[in-house]
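Below is one structure; the comments refer to it alone.
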Amino acid sequence: MVPHLTEQTTEVRGFQLLVEALRLWQPYLREHPEHAGRVSEFFILVEQAFARIVMFNSDDDWPLPGGRRARARRHEAPRISLQDLSWHLLGAQKTNGIWGLYRGAAGRAGLLEEDLTTLSSETLEACRQTTRFGPSAEQRLFAWIASAMDNATSAIEPRANNPAARAIRETFDIVPLAAHLRRRLIEGHDLNRRLAKRLTKAKKLDHRPFMTKAAKKLDQHGEILEEAIRCENLLSVVEAVFEWLCTQRGRRLSDVASRLPINLAELERAKSDFARSGTYQGATASHRKSLLELRLDTSSKLALLESVLYLHEEVSTARGRSAWIHLEGGVLCSNVDLEVPANEDFEVGVAWRNDYYLRPLQSIASQLEEALG
């Protein structure tokens with residue numbers, strides 16, 4: 001349905017900044033070959049420079065990761081630094097910022113080569129044609145970064161009469177690569193493109209009616225959308241059962257089973273339909289689908305709860321994590337505090353929990369539509 005995006009890739013400026021920074025790396029490296037092999041450090045300094053300049057004495061927000069820290073220092077003389085962590089936008093900025101969150105999606109969309117540090121030839125050409133960074137802007141930016149790469153905390157000039165600051169501001173405001181990003185993130189996949197068109201017109205994203213209507217209208221893609229609905233019909237309810245179990249701490253499983261507000265016949269039908277919910281790529285996904293089909297037991301409420309506990313333990317063990325809930329002497333023990341799910345969360349054909357990357361697609365498509373007029 002949505003081949004490139006992830007839950008975190010909701011801002012088109014994240015892709016713009018990533019591509020522009022990787023284009024800038026090559027001319028920077030020619031001037032500073034002593035910094036070879038440090039592209040990720042170069043990137044987080046460019047990311048800091050963008051955030052600090054966009055936010056300096058401004059009412060604008062920083063919509064990308066690190067907004068809280070960027071807002072907190074908007075009235076201070078801006079700096080960039082590798083050494084001084086207080087100027088980092090995030091704890092573990094490399095992992096939790098654009099570098100960690102956007103490169104995989106950019107690679108799948110063909111913006112980057114397989115190494116995820118090199119622009120594809122088409123993207124490089126598009127970036128060269130649209131960049132707001134002229135030679136003077138590059139030189140000013142490179143001077144700031146070179147100082148920070150040598151472990152200084154580098155002061156940067158945020159005012160518009162500085163060519164680097166002006167280029168950063170224009171890149172953020174205009175999104176010069178918008179047309180290329182739309183081709184790569186939206187247009188190259190027919191179902192993705194058609195969903196994006198519908199999502200930009202939707203005032204509110206209500207997943208079930210949106211998907212149900214799209215499955216009927218987009219008849220050539222109807223089966224794929226129906227598969228997602230069949231998937232959600234089971235998963236949303238099983239997740240509600242699991243969360244409900246977590247709220248029954250200190251009680252005996254046999255005592256709480258009768259109070260589970262669920263229709264077992266409907267859940268069994270959802271389980272049967274789940275077998276026709278498509279091909280699950282990758283060993284983990286296909287294995288977990290098989291686990292649900294083979295081990296989810298809808299013969300009674302007690303059997304259902306026991307099977308959900310078993311499935312949770314299997315997944316927790318596979319992930320190397322402690323289980324949230326387990327039995328000790330028949331009594332439920334849980335180390336999490338959750339709210340009791342609403343009754344409709346247990347209704348097959350009503351409950352809906354997962355997004356299937358529709359919100360990121362809606363966000364990216366709407367931002368691109370705005371940037372391109």
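Just so we're clear, the structure is a prediction, and the values are computed from it rather than from any experiment.
With 3.5 Å as the limit, one finds a donor-acceptor pair spanning the side chains of Asp150 and His35. Using a 3.5 Å distance cut-off with no hydrogens or angles, the side chains of Glu11 and Gln16 do not pair a donor with an acceptor. There is no side-chain donor-acceptor pair under 3.5 Å between Glu125 and Ser121. Using a 3.5 Å distance cut-off with no hydrogens or angles, the side chains of Thr118 and Glu113 do not pair a donor with an acceptor. Under the 3.5 Å distance criterion, with hydrogens and angles disregarded, no donor-acceptor pair is assigned to the side chains of Arg13 and Gln367. A donor and an acceptor atom, one from each side chain of His180 and Thr123, are located under 3.5 Å apart. Using modelled atom types, one finds a donor on one side chain and an acceptor on the other under 3.5 Å when comparing Asn233 with Arg208. Residues Tyr356 and Glu232 have side chains that bring a donor and an acceptor to within less than 3.5 angstrom of each other.
With Leu304 as the fixed residue, the side chain to side chain contact (heavy atoms under 4.5 Å, CB included) test singles out one of Val238, Ile262, Leu245: Ile262. Here the rule is ring-ring contact (aromatic ring centres under 6.0 Å, His included) with Phe43, and of Trp99, Phe50, Tyr28 only Trp99 fits it. A side chain to side chain contact (heavy atoms under 4.5 Å, CB included) with Leu302 is found for exactly one of Leu260, Val256, Leu253, namely Leu253.
For the pair Arg198 and Phe210, the NZ or CZ position fails the cation-pi test of under 6.0 Å to the six-membered ring centre and within 45 degrees of the ring normal. Seen from the ring of Trp25, Arg23 does not count as a face-on cation partner, given the 6.0 Å and 45° thresholds. A cation-pi arrangement is found for Arg73 relative to Trp87, the charged atom lying closer than 6.0 Å to the ring centre and inside a 45° cone about the ring normal.
In this view, Asn96 satisfies the side chain to side chain donor-acceptor pair (under 3.5 Å) rule with no residue, not counting sequence neighbours.
Listed by first and then second residue, the salt bridge (Lys or Arg N to Asp or Glu O under 4.0 Å) pairs that reach into residues 333-350 are Arg249-Asp337, sequence neighbours excluded.
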